K.L.:
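Quick one: structure below, then a few questions.
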Amino acid sequence: MIVRKYVFAIFLFQLLLSCSSKEQTQSNISEVEALLAQMTLEEKIGQLNLLTPGGGVATGSVVSENVEAKIKAGQVGGLFGVAGPERVRKAQELAVAHSRLKIPLLIGSDVIHGYKTTYPIPLGVSCSWDMRLIEQAARMAATEATADGVMWNFSPMVDIARDPRWGRIAEGAGEDPYLGAAVAAAMVKGYQGDDLSASNTMLSCVKHLALYGASQAGRDYHTVDMSKLKMFNHYLPPYKAAVDAGVASAMTSFNDIDGVPASGNKWLLTELLRGRWGFDGFVTSDYTSVNEMTEHGLGDLQTVSALALKAGLDMDMVGEGFLTTLKESVEQGKITEEEITQACRRVLEAKYRSGLLDDPYHYSDGQRPKRDILTAENRALARKLATRSFVLLKNHNSILPLKRDAKIALIGPLADSRKNMLGTWAPTGNPDLAVTILEGFKNVAPNAEVNYAKGANVTDDEALAKKVNVFGPRIVIDKRSTESMLQEAVHLAKSSDVVVAVVGEATEMSGESASRTDISIPESQKKLIRALVATGKPVALILMSGRPLTIPEEMDLPVAILQVWHPGVEAGNAVADVVFGHYNPSGKLTATWPRNVGQIPIYYSIKHTGRPNPEGGYEKFKTNYLDVPNTPLLPFGYGLSYTSFRYSNLRLDKSEIGADESITITVTVENVGNLAGEEVVQLYLQDVVRSITPPKRQLKGFKKVMLEKGERKAVSLTIRPDDLKFYNSQLEFVAEPGEFVVYVGGNSDATLSGSFILN
Ligand code: BGC
């Protein structure tokens, strides 16, 4: 309040002086202009500086130094890696009580899948296809984070990823632009709510603009080279959806786009983001990504910092290139003060919008953490979301669900491993609070007899384990011999009714800087699986991973496979809920699972080629491989249930439509199994003939429905005029007249079809 009054008095004074020189770029927020009017060049540059004093996850080689002195000197606009009402209050005091203009700091954090109540990794969350639940989860994360003093979230990560070698596929919503856009919008709404200045909403930051998921060969931070057509039609829609949902900020990516790294790319940050999309927030770099343009070969720190500012970048994360070189660049005429003012204006506007200019301690209420963080309701929501994220890949002989009084051999290196439940990028969570699978089984099925054996190490490769263990022991290589561990497990299996093997990737085998070229289950665990199956006992695999895996061998075994990603703090309870049939799994894959890495990139919305391969066969001089079929192991949208659904009677409400008309497609879905269950009804569209080669089909609608045993429902999905549009070779968003075919079903291979004409 004090800050606001003070600022306002100065504003009136400044107004008299500056009326004549007003430019279009002025903010319509008077408090912001009042501040700008009294700021020195150095103070404006200070607002563009984003630092971390450590305490979060340092993802680069630098951690900021002398942070306190810099804040006092007005050289810092925001911090991340600082949390807790008291710590945040102290940080704000440094700015408010010591810096000349008393401008509060933005306090950021990576709240990627929950704050303290960690829910499943984003790739898992997307498999719920439940936008209401996703928004609710983001809302919960914002409530917890703001209770802890954090009001700016480096999320959602909406990078389309079609290469499961890339470890960060775990952090996004998978391969599809339509689904990705829906998830992006839901998350932004969840974080930001209706009123950004409320003390329980936070500024969202869409990242990583842009195309980060298309790094060559799935290697993190690698080059991206992509046509504009592919960008606009496949990779940009989720970022745009976040902008349309009102996202307050954006983060640039590490990669280059058309030869210029995103942090210095004027086409991206100014023409596209602000010009074409109308984004009115501020843009931050990623961790030292401005400095890294020097490594990319674009010049020294002064040059790349000037390039970034001119491109439209407003905040420089950790690298301090802005802080140390922009003044000199102004003096040398390389950039203008107005360009700095404009960037500063955007940062101040964000501070205004979040309520910080009104009250710097808006997010420092010491009572809130106890009230708002890790509450029973929050944990219940994390548990519910986790159950919705699981995908049943296979269920041989209906092994699942298990009887609640069975004698169970619970086996595997991830079955009793608290440190591996949260998944990657959960720096605000506490792995020690996670429920293990073993604990979950005991909680949910107290009448079952559950005995545990580790059976195998996640991997026997010590060098790999060392790399994965950077944030603590995720892979613990047992002192016992692999043979004795295996024998113990087999012995236990033989004396049990059923075997549940919890296998897959440890937490940090996916995520940032965790790319793999072999994405199969590590050999140590494959051996264990083979030995367990050889006992002849029914075997259910609970598969954990941060990415699609190549599991052709396991898919051929007579087992059940439940994919559970990394389920979060309620892991064990949620897994047990599904394993024992309290919840019937309904998740559907949001990224294609390849047969082997040679098929990558692989995704369902591929184009036709001029030489289509005959279905199921091989023909010389057709598009194919000598060694595997073209089809994936598991298609996008795939996922089984303990019941089954039959689709029939597809009808369209019109056979022809005009350019402004919508069309509604209705199908009958029937639960023909023995249990109630939820199904994600998916609609795919094929534009048969158009001016640029069309994909074979694209997702254009979905609905999640609940069906009791034996129940039938008519499910309607509407295609709106924009759903028929695409970016043509002039990058205009158009629909072209002609025939469209719709497919509706339970995955992207749906065959039930109909067609209509767009006039
Ligand atoms: C990541 C970002 C993250 C940032 C700050 C970077 O290494 O790429 O996604 O927001 O670190 O922690």
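Just so it is clear, the structure is predicted and the values come from calculations on it, not from any experiment. In this chain, numbering begins with 1 at the start of the sequence shown. In each ligand, atom 1 is the first atom listed, and ligand 1 is the first ligand listed. Computed from heavy atoms alone, side chains included, the values below leave out hydrogens, waters and symmetry copies.
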K.L.:
Taking all heavy atoms of Ala506 and all of Leu414, pick out the closest pair and write down the distance.
P.N.:
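Heavy atoms only, the tightest pair is CA-CD2, 4.4 Å.
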K.L.:
Please could you name the atoms of ligand 1 that Phe154 approaches to less than 4.0 Å, counting only its heavy atoms?
P.N.:
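The list of qualifying atoms is 10 (O).
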K.L.:
With a 4.0 Å cut-off on heavy atoms, does Met157 reach ligand 1?
P.N.:
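Heavy atoms of Met157 never come under 4.0 Å of ligand 1.
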K.L.:
Just to be sure I read this right, does ligand 1 sit under 4.0 Å from the backbone of Trp425, its side chain, both, or neither, counting only heavy atoms?
P.N.:
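Looking at Trp425 and ligand 1, just side chain atoms fall under 4.0 Å.
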K.L.:
Should the proximity of Glu171 to ligand 1, defined as any heavy atom under 4.0 Å, be assigned to the side chain, the backbone, both, or neither?
P.N.:
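The answer is neither; Glu171 stays 4.0 Å or more away.
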K.L.:
Tell me if a side-chain donor or acceptor on Asn469 pairs with a main-chain N or O of Ile475 at a distance below 3.5 Å.
P.N.:
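Such a contact is found between Asn469 side chain and Ile475 backbone.
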K.L.:
Could you grab the distance from atom CD of Glu512 to atom CD1 of Ile112, nearest 0.5 Å is fine?
P.N.:
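So the gap between those two atoms works out to 10.0 Å.
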K.L.:
Tell me, please, which residues at least two apart from Trp593 pass ring-ring contact (aromatic ring centres under 6.0 Å, His included).
P.N.:
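Checked Trp593 against ring-ring contact (aromatic ring centres under 6.0 Å, His included); zero matches.
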K.L.:
Regarding Asp286 and Ser289, is there a side-chain donor-to-acceptor distance under 3.5 Å anywhere?
P.N.:
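Note: Asp286 and Ser289 side chains miss the donor-acceptor criterion.
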K.L.:
Against heavy atoms of Phe80, which atoms of ligand 1 measure under 4.0 Å?
P.N.:
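Within the 4.0 Å cut-off of Phe80, ligand 1 contributes 5 (C), 12 (O).
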K.L.:
In terms of atom number and element, which parts of ligand 1 are under 4.0 angstrom from non-hydrogen atoms of Lys207?
P.N.:
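Result: 2 (C), 3 (C), 9 (O), 10 (O).
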K.L.:
Compute the shortest N/O to N/O distance between Tyr212 and ligand 1 and return yes if it is under 3.5 Å, no if not.
P.N.:
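In this structure, Tyr212 places no N or O atom under 3.5 Å from an N or O of ligand 1.
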K.L.:
Could you tell me whether some N/O pair between Tyr287 and ligand 1 is separated by less than 3.5 angstrom?
P.N.:
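No; every N/O pair is 3.5 Å or more apart.
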K.L.:
Would you say Glu295 has more than 12 foreign heavy atoms packed within less than 6.0 Å of its CD?
P.N.:
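No, CD of Glu295 has 12 or fewer neighbouring heavy atoms, counting only those of other groups under 6.0 Å.
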K.L.:
Just jot down the ligand 1 atoms closer than 4.0 angstrom to any heavy atom of Asp286, in number order.
P.N.:
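Answer for ligand 1: 1 (C), 2 (C), 3 (C), 4 (C), 6 (C), 7 (O), 8 (O), 11 (O).
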K.L.:
Show me the pairs that pass ring pair (Phe, Tyr, Trp, His ring centres under 6.0 Å) and involve residues 161-197, at least two apart or across chains.
P.N.:
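Listed by first then second residue: Trp166-Tyr212.
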